[in-house]
Protein chains: 2
Amino acid sequence: MRNIKIELEYAGTNFSGWQIQPNKRTVQGTITSSLKKFLVEDKLKLKGVSRTDAGVHALSYVANFKTKSKLGVKDIRNALNSHLPPDIYVHKALEVDADFNSRYSAKNKIYRYRILPHFSPLRKNFTWQIRYQLAMSPMKRASKYLTGKKDFTPFSVEENNRVVNVKKVNLYREGDELIFEIEANRFLNKMVRMIVGTLVEIGRGKIKPLLIKELLNNGKKGSGGPTAPPQGLYLVKVKY
Amino acid sequence: MRNIKIELEYAGTNFSGWQIQPNKRTVQGTITSSLKKFLVEDKLKLKGVSRTDAGVHALSYVANFKTKSKLGVKDIRNALNSHLPPDIYVHKALEVDADFNSRYSAKNKIYRYRILPHFSPLRKNFTWQIRYQLAMSPMKRASKYLTGKKDFTPFSVEENNRVVNVKKVNLYREGDELIFEIEANRFLNKMVRMIVGTLVEIGRGKIKPLLIKELLNNGKKGSGGPTAPPQGLYLVKVKY
């Protein structure tokens with residue numbers, strides 16, 4: 001069996017997230033049924049790098065599957081794109097070692113979150129639009145406490161194993177948007193959105209930057225800000 | 001009667017353009033029926049700066065209407081936004097002189113066109129996505145021939161009065177996109193899209209930059225490139 005890795009982009013707006021679910025339109029389900037249209041495998045198993053929530057986007061999501069097909073990787077990519085709906089596109093397909101697993105082989109992932117401090121119908125499904133201006137410098141100060149190997153329980157809805165190694169964090173302006181970027185070895189369910197929700201409370205002056213440091217030391221659940229909505233979040237890159 | 005000017009943004013994707021039409025979802029129709037929900041006028045007449053085609057977007061469209069209402073302009077803006085669907089948003093409402101007419105008082109308008117030389121599902125409704133790389137320098141050379149007071153018959157589907165005074169043209173890269181911006185005293189139906197279609201043929205090497213100059217001298221119809229699709233086009237600003 002050959003092991004095929006694909007790198008794809010999708011607009012999460014009209015998907016119930018990545019993971020296959022009965023009677024829901026999901027990215028995994030849509031790609032799997034498109035692959036079955038031209039591959040011989042009946043029980044094709046498409047493995048994705050991670051779950052993404054409904055509404056969350058991906059600029060370069062990675063998945064892999066095994067096939068007996070002799071089709072070249074460019075032909076696989078083209079055949080797949082010809083069957084996919086316009087909100088998914090496969091940028092690349094390549095053959096990888098048999099032991100490559102898009103999830104377990106991943107070393108680091110980068111997520112981006114776009115905040116817009118006013119309303120814009122053109123970017124409604126692509127940013128978190130809020131009514132107030134945000135002060136950059138306390139948000140920047142707060143975000144510095146995030147890096148390192150830490151227990152992210154306060155920014156998690158999961159039950160155990162919540163230690164994350166955050167490699168890099170960046171907060172910057174791009175045009176009228178505020179962009180938060182974070183690179184880590186792994187991400188807990190809702191983690192980025194809970195961090196962004198807390199940073200926005202800091203930018204509004206509702207809570208102090210130091211709270212992020214205290215939360216990460218104390219490790220208590222649900223003591224940060226609200227969870228930011230899904231449509232501002234992008235999986236940007238997976239490093240292997 | 002007070003004369004109220006509004007500046008609004010809309011995502012053109014799900015509208016059959018600006019102008020009201022029976023049984024179609026249009027921007028003019030949607031705003032008019034939202035205004036009637038809180039203003040007393042039965043025959044409210046909303047005047048827009050120009051028609052836009054289905055799929056074309058606006059970052060700052062201008063319209064005006066007359067009303068007896070004593071509501072403050074901020075209240076008008078807020079009431080209107082509370083009735084509008086999420087793909088239209090009124091950024092500003094202000095009271096203007098009785099003789100202000102959003103269409104006839106306009107001095108210059110700026111349009112922008114976004115071209116993406118690859119596929120991206122995230123920007124599907126917001127750019128023209130093409131399969132080939134484009135050479136910037138012949139496109140830039142060609143676009144210089146556009147400025148000045150000229151007969152734009154070759155870039156028009158209209159029958160008469162096709163002289164346009166093009167004030168400024170700009171072609172530049174922004175990230176992975178190619179942006180074409182044009183400012184003129186008026187725009188003919190499909191003019192920007194026909195110019196962009198011709199520029200792209202020049203960028204592909206199919207026709208020479210000098211053709212734009214020849215077309216504008218000869219003034220013959222339909223001799224340029226194909227018409228670029230609507231979703232890459234934005235009305236950016238109206239100057240009064």
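In the text below, chain A, chain B and the rest are named by the order of the sequence lines, each starting its count at 1.
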- [ ] Take atom CZ of B/Arg25 as the centre, draw a 6.0 Å sphere, and report whether it contains more than 12 heavy atoms from other residues, nucleotides or ligands.
- [x] yes

Task: Value rounded to 0.5 Å, distance of NE2 in A/His91 from CZ in B/Phe119 - done: 10.0 Å

Task: Shortest non-hydrogen separation from A/Pro121 to B/Ala11 and the atoms involved - done: O-CB, 4.1 Å

Open item on the list: Is it the case that over 12 heavy atoms from other parts of the model lie below 6.0 angstrom from the NZ atom of A/Lys45?
Closed with: no

Task: From A/Glu9 atom CD to B/Arg123 atom CZ, the distance as rounded to the nearest 0.5 Å - done: 6.5 Å

Task: OH/A/Tyr104: more than 12 non-hydrogen atoms of other groups inside 6.0 Å - done: no

Task: Student check: side-chain heavy atoms of A/Tyr10 and B/Leu122 closer than 4.5 Å - done: no

Open item on the list: Counting only heavy atoms from other residues, nucleotides and ligands, does the tally under 6.0 Å from CZ of B/Arg51 exceed 12?
Closed with: no

Task: B/Ser120 portion near chain A, given a 4.5 angstrom heavy-atom threshold - done: both

Open item on the list: Quick check on B/Lys167: does its NZ atom have over 12 non-hydrogen neighbours (other residues, nucleotides or ligands) under 6.0 Å away?
Closed with: yes

